[in-house]
Amino acid sequence: MFDIKWIRANAEAFDRGMARRKGEARRAADLLALDDARKAVIATLQDAQERRNALSKEIGQAKAQKDEARAQALMAEVAALKDTIQQGEKQEREADAALRDMLAALPNLPLEGVPDGADETGNQPYFGPNGSETTAAASRPAKPELSFAPRQHFELGEALGQMDFEVAAKISGARFVVLKSHLARLERAIGQFMLDLHVDQHGYTEVQPPLLVRDEALLGTGQLPKFEDDLFFTPHGDGRLALIPTAEVPLTNLVRESIVAEAELPLRFAALTPCFRSEAGSAGRDTRGMLRQHQFNKVEMVSITTPEASIDEHERMLGCAEAVLQKLGIHYRVMALCTGDMGFGAQKTYDIEAWLPGQDTYREISSVSVCGDFQARRMDARYRTAEGKMGYVHTLNGSGVAVGRALIAVMENYQQEDGSIAVPAVLQPYMGGLTSIGGRS
RNA sequence: GGAGAGGUGGCAGAGUGGUCGAAUGCACCGCACUCGAAAUGCGGCGUGGGGGCAACUCCACCGGGGGUUCGAAUCCCUCCCUCUCCGCCA
């Protein structure tokens, strides 16, 4: 959410940034016109209120002095203002709402340095703030060398009899899956491992958040008002609650409507939760396998920082997500998303794409974004310095990483010629010591 | 689900139609006293918005929203939240 004052002071930068955003025709002039109209309404209203207040005060004094005649005269005088004030209040509400609605529908402005582009083809490889392709390659696991034609995860899973899309469809329809036996445990092991990593080694506080949230929370992080179609809702009383599309929503809203002492920052939260997405706009895409499901598990990281610290925190968070793949031994690449591929609330986003041998391609497994004060303004999340100065916090979120997609990556990268799957060393403790799924033991 | 009580500044807690942005206490900040501290005294201490170069001034805010009234923390409606009792329940 933008501050209209900021737009007024930075109209040119605002227009330049919005022009880079796909499909954003909104210009500063449109918003400033609304704001001007709003101010005019306020000026008129306040003028009338000021006169009313003064006269009402006199009425109080007259009454106190038992001067009924004077009180009556004053009341008659002020009565005339009543209609003006009520009209004005109504107009102010309408003007506020008009401006607020327009501001709430605006996406965040891309940071300097974010590549321009219309879609994912405009994304660029990223090797770290001071990195190169060579330095990055040194810290990233290599592609597995498979001496046979690799299979896709669903082929492996179905052959094992531990991944069942048909029965899931009978129960819940398309885009659901049933995992059983060792694959079910592998799913749990991956989530557990990743959450432990972030909590034990990366300084995140483990959180068990609500999975059903109010519209206000979704407005705060930016899923509403524009992306209602992507969400599942359930009726609740006279209203509704949404199933979280990502734990970013409850984790970020942890600081909503609050003022955090600067000394408390950064706050780092991590959670392992199911996520629910209607995938309304992706009919026909990735229909095979469990790459794109209505329900999936994800470890999410959220950081709340000062404005000064958010850019460094972004790099740090990317590192936390990368560590997962490094420890799992899965080859990946990092892409800096272009303006056309970034999410609504992001100033800058890195995607981590895991190598999937079965698909012979890279697929997104994590997305790490810095949002600046965009969400903080929507949530009214502020911080106060030791000197008492207040400002909006900066928020960041990143997957660390998507559990279902990590399962796919493990399966495809650790598959053996006989269709069994080796269990990565770091997961074995979480698998009761199991070293292979489907192999002869 | 039924019955009841409540939501006021960082905290505690007055205030049931008029000069109340709101007593008082605690906390906090400054000053005085002190070698220093405590205690004490004096002063300060909310947020958002409009106007103004500025000193400043005006408007709004007592859980959220709407209404009644010349005037609302106070009355009415509605929503949210908290607590107590009953019922149900993993």
Side-chain angles (χ1 to χ4, degrees), chain A residues 1-9 31-101 103-104 208-220 224-225 233-242 250 253-264 274 373 376-393:
Chain A
M1 179 83 88
F2 289 96
D3 180 0
I4 188 66
K5 284 179 171 174
W6 184 89
I7 294 176
R8 193 173 284 282
L31 296 146
L32 294 181
L34 270 185
D35 190 43
D36 287 339
R38 189 183 126 263
K39 283 187 182 181
V41 167
I42 287 174
T44 313
L45 171 63
Q46 290 195 351
D47 208 50
Q49 285 173 324
E50 187 178 347
R51 275 185 286 152
R52 180 203 62 189
N53 288 351
L55 289 171
S56 289
K57 207 172 225 179
E58 282 188 50
I59 292 169
Q61 286 163 349
K63 292 244 183 190
Q65 292 160 12
K66 301 274 188 257
D67 188 349
E68 267 308 312
R70 181 152 164 266
Q72 287 300 326
L74 288 163
M75 278 164 69
E77 194 178 343
V78 78
L81 288 171
K82 194 182 174 183
D83 194 52
T84 312
I85 289 172
Q86 288 195 332
Q87 281 287 324
E89 286 176 339
K90 182 159 169 275
Q91 286 171 0
E92 185 189 1
R93 278 200 294 275
E94 289 165 357
D96 274 343
L99 182 61
R100 187 161 21 83
D101 289 351
L103 288 172
Q208 282 280 351
L211 307 181
L212 297 172
V213 296
R214 291 194 177 154
D215 282 17
E216 286 77 7
L218 294 158
L219 242 350
L224 290 181
F233 288 93
T234 187
H236 181 245
D238 295 330
R240 63 179 185 179
L241 288 171
N253 276 281
L254 245 25
V255 291
R256 92 180 337 263
E257 291 161 51
S258 71
I259 300 168
V260 185
E262 185 177 20
E264 307 279 315
D373 63 8
R377 289 180 181 283
R378 294 170 158 253
M379 295 188 303
D380 192 26
R382 291 173 290 176
Y383 75 102
R384 196 196 305 267
T385 66
E387 300 82 51
K389 269 190 63 183
M390 294 224 284
Y392 288 101
V393 297

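Convention: sequence-line order gives letters A, B, ...; per-chain numbering from 1.
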* Asked: Expressed in whole Å, how much space separates the C1' atoms belonging to rC31(B) and rC45(B)?
  -> 14 Å
Same-atom distance (C1') from rC26(B) to rA32(B), integer angstrom: 22 Å
Closest of rG49(B), rC59(B), rU19(B) to the Glu50(A) side chain is rC59(B)
Begin with the C-alpha distance, continue with both residues' side-chain angles, and end with the deciding distance and a verdict on side-chain contact (heavy atoms from CB on, under 4.5 Å) for Met379(A) and Val255(A). CA-CA 8 Å; Met379(A) 295 188 303; Val255(A) 291; 4.1 Å; yes
Side-chain atoms of Gln86(A) come closest, of rG49(B), rA60(B), rU68(B), to rU68(B)
Before accepting this row, confirm whether a basic side-chain N of the pair Arg100(A)/Asp96(A) lies closer than 4.0 Å to the acidic partner's carboxylate O.
no
Query raised in the report: NA contact type, Lys90(A), heavy-atom cut-off 4.0 Å: base, sugar-phosphate, or nothing?
Result: nothing
Any strand, both distances under 3.5 Å, Watson-Crick or G-U wobble: rG18(B) pairs with rC70(B)
Worksheet item: Hey, is the side chain of Arg52(A) poking within less than 4.0 Å of OP1 or OP2 on rA60(B), counting only N and O atoms?
Response: yes
Using Watson-Crick geometry (N1-N3 plus N6-O4 or O6-N4) or G-U wobble (N1-O2, O6-N3), each under 3.5 Å, rA5(B) is paired with rU82(B)
Of Leu74(A) and Ala43(A), the one whose closest nucleotide on RNA chain B sits nearer the 5' end is Ala43(A)
Taken to the nearest whole Å, CD/Gln49(A) to P/rG49(B) is 17 Å
From CD of Gln72(A) across to P of rG71(B) the rounded distance in Å is 14 Å
Ion pair check, Arg240(A) and Asp215(A), cut-off under 4.0 Å
yes
Worksheet item: Lys39(A) near the nucleic acid: base, sugar-phosphate alone, or nothing, with a heavy-atom cut-off under 4.0 Å?
Response: sugar-phosphate
If pairing means Watson-Crick or G-U wobble with both distances under 3.5 Å, then the partner of rG46(B) is rC61(B)
* Does the side chain of Lys82(A) get closer than 4.0 angstrom to OP1 or OP2 of rU69(B) through an N or O atom? -> yes
- Message: Taking only side-chain N and O atoms of Asn53(A), does any of them lie within less than 4.0 angstrom of OP1 or OP2 on rU19(B)?
- Response: no
note: Arg384(A), atom CZ; rG10(B), atom C1'; distance rounded to Å ~ 8 Å
Out of rU19(B), rC70(B), rG50(B), minimum distance to the side chain of Met75(A) belongs to rC70(B)
Would you classify Arg93(A) as touching base, sugar-phosphate or nothing, given that sugar-phosphate means primed atoms plus P, OP1 and OP2, and contacts are heavy atoms under 4.0 Å?
sugar-phosphate
Of all heavy-atom pairs linking Leu103(A) and Leu31(A), the shortest is CD2-CD2, 3.8 Å
Chi angles and distances behind the side-chain contact (heavy atoms from CB on, under 4.5 Å) call for Glu77(A), Leu74(A) = CA-CA 5 Å; Glu77(A) 194 178 343; Leu74(A) 288 163; 4.1 Å; yes
query = Heavy atoms under 4.0 Å, any strand shown: does Glu257(A) hit a base, just sugar-phosphate, or nothing?
reply = nothing
Rounded to whole Å, CG of Asp36(A) lies from C1' of rG49(B) at a distance of 15 Å
**Item:** Euclidean distance for C1', rC61(B) against rG21(B) (whole angstrom)
**Value:** 9 Å
Taken to the nearest whole Å, CD1/Ile42(A) to P/rG50(B) is 6 Å
Report task. Answer yes or no: is there an ion pair linking Lys39(A) with Asp36(A), defined by an N-O contact shorter than 4.0 Å? Result -> no
Any strand, both distances under 3.5 Å, Watson-Crick or G-U wobble: rG41(B) pairs with rC31(B)
message: Give me the distance, rounded to whole Å, that separates rG9(B) from rC28(B) when you measure between the C1' atoms they each carry.
response: 13 Å
(request) Using the P atoms only, state how far rC62(B) lies from rA73(B), rounded to an integer number of Å. (result) 6 Å
From CG of Asp47(A) across to C1' of rG50(B) the rounded distance in Å is 11 Å
Practice problem: May I ask you to say whether Glu89(A) pairs ionically with Arg93(A), meaning some side-chain N is under 4.0 Å from a carboxylate O? | Solution: no
Could you measure between the two P atoms, the one in rG44(B) and the one in rA22(B), and give it in whole Å?
13 Å
To the nearest angstrom, the CG-P distance between Asp96(A) and rA60(B) comes to 15 Å
When rounded to whole Å, the CZ to P distance for the pair Arg256(A) and rG63(B) reads 19 Å
Check: Given rG48(B), is OP1 or OP2 found less than 4.0 Å from the side-chain N or O atoms of Arg382(A)?
Finding: yes
query = Looking across every strand, which nucleic acid part, if any, lies under 4.0 Å from Leu55(A) by heavy atom: base, sugar-phosphate, or nothing?
reply = nothing
What distance, rounded to whole Å, do you find between the two C1' atoms, one in rG10(B) and one in rU16(B)? 27 Å
Comparing Lys57(A) with Ala76(A), nearest RNA chain B nucleotide closer to 5' gives the residue Lys57(A)
